[in-house]
Number of protein chains: 2
Amino acid sequence: MLSTEQIIGVMSAQGLRITDQRRSLAKLFAERDGYLTPKDVYEYMCKEYSGLSFDTVYRNLRVMEELGAIEQVVFEDGLKFRAGCSSEGHHHHHMICLQCQKTYPIHFCPMPLTDAPEEFQVVKHKFEVFGYCKNCRKDAAAEKEQAAERSGVN
Amino acid sequence: MLSTEQIIGVMSAQGLRITDQRRSLAKLFAERDGYLTPKDVYEYMCKEYSGLSFDTVYRNLRVMEELGAIEQVVFEDGLKFRAGCSSEGHHHHHMICLQCQKTYPIHFCPMPLTDAPEEFQVVKHKFEVFGYCKNCRKDAAAEKEQAAERSGVN
DNA sequence: TTGGCTGCAAACTATTTGCAGCGCT
DNA sequence: AGCGCTGCAAATAGTTTGCAGCCAA
């Protein structure tokens, strides 16, 4: 995944100005390795840089996405962003934790094994696995126990 | 895929009233075998049933989705709906035409071949292939030629 | 008859855009 | 100094909700 400096480098190289907000954005995406909603981004950045407006977040997310510094994915509950990782070399897919939003690479790609029927001309594909990662699995189990206890008592 | 009568049956069985609008919706989804946006649905239904409001479309799409009469998927360009097909028996995936939105089933599922790293607990997965189907492939090729001619002349 | 369904209008959420002033380069 | 970036406010797109009248059962 890209580091803070790499993200800033990408932006700078394309002629963008490096403002405090953008530095802060770069740092955020480099620190986290999961998906963030525009709201997550806004809330994080407000801490570091108060007086921030939502428009700036949207504008910068879009610019950074167009430059390839970050990647954008549509989920059922809206748009999310993460630091670029397709630049990391080979094509790959992700396992995504439903709790913490972190992602784990899957190097296996099903496309070569998939038959395209009726002369279907393949352009792109999406393969995503959702579930709970090692850490959140524990959390989820603990919560379930608590829920069971509550309903058992009541 | 479900037929008009099957869709109406599902709704009726769950205590919903069968109104003209709902009959029209059922017919639409039974006729098409691709994804439709709420706007597509609205435009089609206006022809058959004028005086229709957008709210009714949204309300009915939601109800039908909750009942399992139709299925909902999020794409980059928004929500789309199609007649239920997971009821068709075995688990499967889809190839989706970027032009006409029709879908073709893929019976191959990559999940059994995918290793879950680090004790990742898999809950669900998504595997979708996008491209152009037999018919739209021709259309796309024809358009490309036209575009090439235009740019070649100018 | 009557409670569910519809159209209308308004509210809401998420995102985009116009504009004037500030600040990176 | 100059132009890009930002905040503010307003516009826009997509979707949901409240309410009163209408209609399938």
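Order of the sequence lines sets the chain letters (A, B, ...), proteins ahead of strands, with each chain counted from 1.
Checking C:dG7, D:dC3, C:dT17 against the side-chain heavy atoms of A:Arg62 singles out C:dT17 as nearest. Taking the side chain of A:Arg22 as heavy atoms from C-beta on, and the options C:dG7, D:dC5, D:dT16, the nearest nucleotide is D:dC5. Side-chain atoms of B:Leu79 lie closest to D:dT15 of the nucleotides D:dT15, C:dC8, D:dC8. Here D:dG7 is the nucleotide among D:dA25, D:dG7, C:dC8 with the atom lying nearest to any side-chain atom of A:Tyr49. Taking only side-chain atoms of A:Asp55, from C-beta outward, the nucleotide of C:dT15, C:dC8, D:dG7 with the closest atom is D:dG7. Of the candidates D:dG7, C:dC24, C:dT15, the closest approach to any side-chain atom of A:Pro38 belongs to C:dT15. You'll find that the side chain of A:Gln21 is closest to D:dG7, out of C:dT25, D:dG7, C:dG7.
The backbone N or O of B:Arg82 lies less than 3.5 Å from no partner atom in the side chain of B:Arg32, so there is not a single donor-acceptor pair.
Remark: A:Thr19 is not in phosphate contact with D:dG4, judged by side-chain N or O atoms under 4.0 Å from OP1 or OP2. Of the side-chain N and O atoms in A:Thr56, none sit less than 4.0 angstrom from OP1 or OP2 of D:dT6.
Taking the centre of each ring, B:His91 and B:His125 come in below the 6.0 Å mark. For an aromatic pair to be called close, the ring centres must be under 6.0 Å apart, and B:His92 with B:His90 fails this. Under the 6.0 Å cut-off for aromatic ring centres, B:Tyr42 and B:Tyr58 do not qualify, their centroids lying 6.0 Å or more apart.
Residues A:Gly15 and B:Arg23 each lie close to DNA chain D; by heavy-atom proximity, the contact nearer the 5' end of the strand is made by A:Gly15. Toward the 5′ end of DNA chain C lies the nearest nucleotide of B:Ser50, the other residue of the pair B:Ser50 and A:Lys39 mapping further downstream.
Atom P of nucleotide D:dT6 and atom CZ of A:Arg17 are separated by 10 Å, given to the nearest angstrom. Taking atom CD of B:Glu65 as the reference point, atom P of D:dT15 lies 13 Å away to the nearest angstrom. When rounded to the nearest whole Å, the span between CE of A:Met45 and C1' of D:dG7 equals 13 Å. Following rounding to the nearest Å, A:Leu16 (CG) and C:dT25 (P) show an atom-to-atom distance of 10 Å. Rounded to an integer number of Å, the gap from A:Asp77 CG to D:dT15 C1' is 16 Å. Summarising the geometry, the separation between OH on B:Tyr58 and P on D:dT16 is reported as 7 Å, rounded to the nearest angstrom. Look at CD1 on B:Ile8: it is 11 Å from P on D:dA25, rounded to the nearest Å. Protein atom CG of B:Leu25 is 13 Å distant from nucleotide atom P of C:dC5, rounded to whole Å.
Using a 4.0 Å heavy-atom criterion, one finds that B:Gly78 contacts no nucleic acid atom at all.
Within the cation-pi definition used here (under 6.0 Å to the ring centroid, within 45° of the axis), B:Arg137 does not qualify as a partner of B:Tyr132.
No N or O donor and acceptor, one from the side chain of B:Arg59 and one from the base of C:dG4, sit under 3.5 Å apart.
B:Gln121 and A:Lys134 are not linked by any side-chain donor-acceptor pair at a separation below 3.5 angstrom, with hydrogens and angles left out of the test.
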